[in-house]
Amino acid sequence: MAEPTFRAPKGTRDILPPESGRRRAALHAFSEQAELAGFGEIMSPMFEDLGVFKRLGESTDVVTKEMFDFFDKGDPPQHLALRPELTASVCRGFAEHRPTPPWKVWYEGPQFRYEQPQAGRYRQFHQLGVETLGTDDPQADVDVIALGWNFFASLGLRQVTLLLNSLGDPTCRPEYLEALRGHLTDNASSLSSQSKVTLERNPLRVLDSKRNEDAEIIAAAPLMVDYLTDESRDHFDAVRAGLEQLGIAYELSPRLVRGLDYYTRTTFEFAADALATAQNAVGGGGRYDGLVEDLGGPATPGIGFALGLDRILLACDAEAVFPIPEPVTKVFVVDVTGGSHALDVCNTLRAAGIGADRSYGGRSMKAQMKVADRSGAPFAAIIGEDEVAGGEVTLRDLRGDTGQHRVALDNLVATISRLLG
RNA sequence: GUGGGCGUAGCUCAGUUGGUUAGAGCGCCUGGUUGUGGUCCAGGAGGUCGGGGGUUCGAAUCCCCUCGUUCACCCCA
């Protein structure tokens, strides 16, 4: 294959029609549900001061080695980074604008991480998310989780598992970390070399390891849930009760830790069981009760999630649900008199809200009919010398067996509206 | 960052032990008598066989390097 001069950068891709229409439909479904649940959209910058993301944690790979960072042309230059996620931006925005809590926002957009691409993993990927800041009511957690759950269901996905855990709070976590570190250190000689390194940085992360040699030690490790303070325990129980009240099935996953260090208490992940790849997490989130304060704002609790649109659509493919939407073109105008009548007719139909398209370049009727067929439009409006003379078009049913008949130009919009029901 | 698979027309792929102008299907274009698609038929366009170097009389086919892609580790959505 002759190499094109340029191609989309590694880990990025062009989303072409009609697949792009499917993504837009998914985005629309999400925004609609978020708005119904009282969330308003936040549109934040694609890049931020690097410091905003550094607050995500010094031991997270997202921060330490996956950042697309650069310096601007200022004097002195500012160290900026393309956003690797949006929770930090939302919290920065909260700290900056001080909206009245509770502040409920949703977002969608591309995020960037400098990683090796693989199945379901891209350097530019699209996330949908919500954040509720300013309340630590466990029912806010439930509302957030339910929104994600219902969104998956609305797409038709059935094989999604909600994994739930609590990562404790600043009071009980240190005690647990000490116990965990003790256990892992005692068994360090059997741990994989990578996990030994991870143990130094952040023992919690060792629980994430998929390496066989670590499995036994991880299975025997102490669990956070056994160390929760009464307060965190009560919160966790209330979240579980709320989910049960709404009939949302969840699976307790006591070793679920998340890749960002800011999480506290409620932590969850949506796993797409239909995906056979290593990346089957289609969404994840939790509480981050200290993040706003870290970013210079008032102490503010928060809960939210981010869903990966790219993976969600892969999961839809795997479950054969949420197909590409029907084409918008309802009438394909075939004009064999040169094309200027198609110009008028298309313009009229479009003004009336009826999707209309045509071909260009004065092609033969046969060629134009072929394009009409391919367009998916249910009707072709044919214009030849006869029709022009009579102020009419020939309306042909391309999908059914109604045949074709002449329609006066003045009645075209009404006729098609009636036929489309 | 580490390791494996793969790179032949727009797409999916054939290319026999290295041997003449590199093939198929789909898609695309043009026709099949004067204005009609989805079926059928006939033509046609389109490839420096990812790139570079080497071995050879001769390489898509063998060797080396490189780039791209893909999967996995890591990490995460």
Side-chain angles (χ1 to χ4, degrees), chain A residues 1-4 6-11 13 16 56 59-67 84-87 108-129 148 192-195 197-198 201-202 205-206 208-214 256-260 269-272 275-285 305-315 332 334-337 359 361 363-388 394-401 403-404:
Chain A
M1 188 192 308
E3 285 296 305
F6 295 111
R7 55 168 67 233
K10 191 190 198 66
R13 62 212 171 115
L16 307 178
L56 298 176
S59 66
T60 72
D61 282 7
V62 168
V63 172
T64 55
K65 53 185 219 198
E66 296 174 3
M67 203 82 83
E85 58 113 57
L86 258 157
T87 302
E108 61 87 9
Q111 332 284 331
F112 308 86
R113 293 180 196 173
Y114 193 83
E115 301 184 90
Q116 286 307 318
Q118 65 186 71
R121 199 171 76 183
Y122 308 94
R123 287 186 172 181
Q124 174 175 334
F125 58 102
H126 210 104
Q127 283 190 336
L128 321 171
S192 64
S193 54
Q194 295 100 317
S195 285
V197 177
T198 310
R201 289 205 331 264
N202 186 347
R205 283 307 206 25
V206 176
D208 255 346
S209 168
K210 291 182 221 164
R211 287 172 290 268
N212 290 331
E213 56 264 49
D214 297 331
L256 173 68
V257 295
R258 311 240 345 117
L260 287 331
E269 195 166 294
F270 295 104
L275 288 180
T277 56
Q279 282 70 232
N280 72 337
V282 288
F305 66 61
L307 313 180
L309 181 56
D310 308 273
R311 288 183 192 175
I312 288 169
L313 291 174
L314 289 174
F332 197 93
V334 172
D335 179 353
V336 289
T337 70
S359 57
R363 303 176 66 188
S364 71
M365 169 165 284
K366 180 180 176 124
Q368 292 191 52
M369 285 300 292
K370 271 178 101 96
V371 181
D373 185 54
R374 271 204 308 266
S375 76
F379 298 101
I382 301 167
I383 301 170
E385 300 298 346
D386 293 354
E387 286 84 353
V388 170
T394 293
L395 197 58
R396 180 173 175 80
D397 181 357
L398 294 173
R399 308 297 153 203
D401 49 7
Q404 61 187 47

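This one's a predicted model, so the numbers in the text were calculated from it and none came from an experiment. A, B, ... follow the sequence lines: proteins, then strands. Residue 1 opens every chain.
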My understanding is that only residues two or more places apart in sequence, or in another chain, count here; which of them pass side-chain contact (heavy atoms from CB on, under 4.5 Å) with R258(A)?
Y263(A), T267(A), E269(A)
Tell me, please, which residues at least two apart from E115(A) pass salt bridge (Lys or Arg N to Asp or Glu O under 4.0 Å).
R121(A)
Applying side-chain contact (heavy atoms from CB on, under 4.5 Å) to T198(A) and not counting sequence neighbours gives R205(A), V206(A)
Rounded to the nearest 0.5 Å, what's the gap from CG on L275(A) to CD1 on I312(A)? Could you check?
10.0 Å
Say you pick atom C1' in rC11(B) and the same atom in rG1(B); how far apart are they, in whole Å?
34 Å
Nucleotide by nucleotide, nucleotides 72-77 of chain B touches protein heavy atoms under 4.0 Å in the pattern (B base, S sugar-phosphate only, - none) BBBBBB
Whole-Å P distance, rA60(B) and rA9(B):
14 Å
Sequence neighbours excluded, the answer for side-chain hydrogen bond (donor to acceptor under 3.5 Å, both in side chains) partners of R399(A) is D373(A)
For K10(A), what residues pass the side-chain contact (heavy atoms from CB on, under 4.5 Å) criterion, not counting sequence neighbours?
Q116(A), P117(A), R123(A)
Span that lies between the P atom of rG50(B) and that of rG10(B), in whole angstrom:
13 Å
Please enumerate all residues that pass side-chain hydrogen bond (donor to acceptor under 3.5 Å, both in side chains) together with D208(A), with sequence neighbours excluded.
none
Could you tell me which residues satisfy side-chain hydrogen bond (donor to acceptor under 3.5 Å, both in side chains) with E108(A), sequence neighbours excluded, listed by chain and number?
H126(A)
Gap in Å between the two C1' atoms, one belonging to rU30(B) and one to rU66(B), rounded:
43 Å
If one requires at least 3 consecutive Watson-Crick or G-U pairs with distances under 3.5 Å, the stems of RNA chain B turn out to be B:1-7 with B:67-73, B:10-13 with B:23-26, B:28-32 with B:40-44, B:50-54 with B:62-66
Got a sec, which residues hit ring-ring contact (aromatic ring centres under 6.0 Å, His included) with F379(A), two or more places apart in sequence or on another chain?
none
Point-to-point distance, once rounded to the nearest 0.5 Å, from OG of S359(A) to NZ of K370(A):
13.0 Å
Suppose we screen for side-chain hydrogen bond (donor to acceptor under 3.5 Å, both in side chains). Which residues come up paired with Q124(A), at least two apart in sequence or across chains?
none
Please state how far atom CG in L16(A) lies from atom C1' in rG27(B), giving the value in whole angstrom units.
16 Å
Could you measure between the two C1' atoms, the one in rG7(B) and the one in rG47(B), and give it in whole Å?
14 Å
Taking only the C1' atom of each, what is the distance from rU48(B) to rU21(B) in whole angstrom?
15 Å
Between protein and nucleotides 32-40 of chain B, map the contacts as a letter string: B base, S sugar-phosphate only, - none, heavy atoms under 4.0 Å, written 5' to 3'.
B--BBBS--
Considering only atom C1', compute the distance from rA42(B) to rA22(B) and round it to an integer number of Å.
24 Å
What is the separation between atom NZ on K10(A) and atom C1' on rU66(B), rounded to the nearest whole Å?
13 Å
Considering only the C1' atoms, how many Å lie between rC29(B) and rU17(B), rounded to the nearest integer?
41 Å
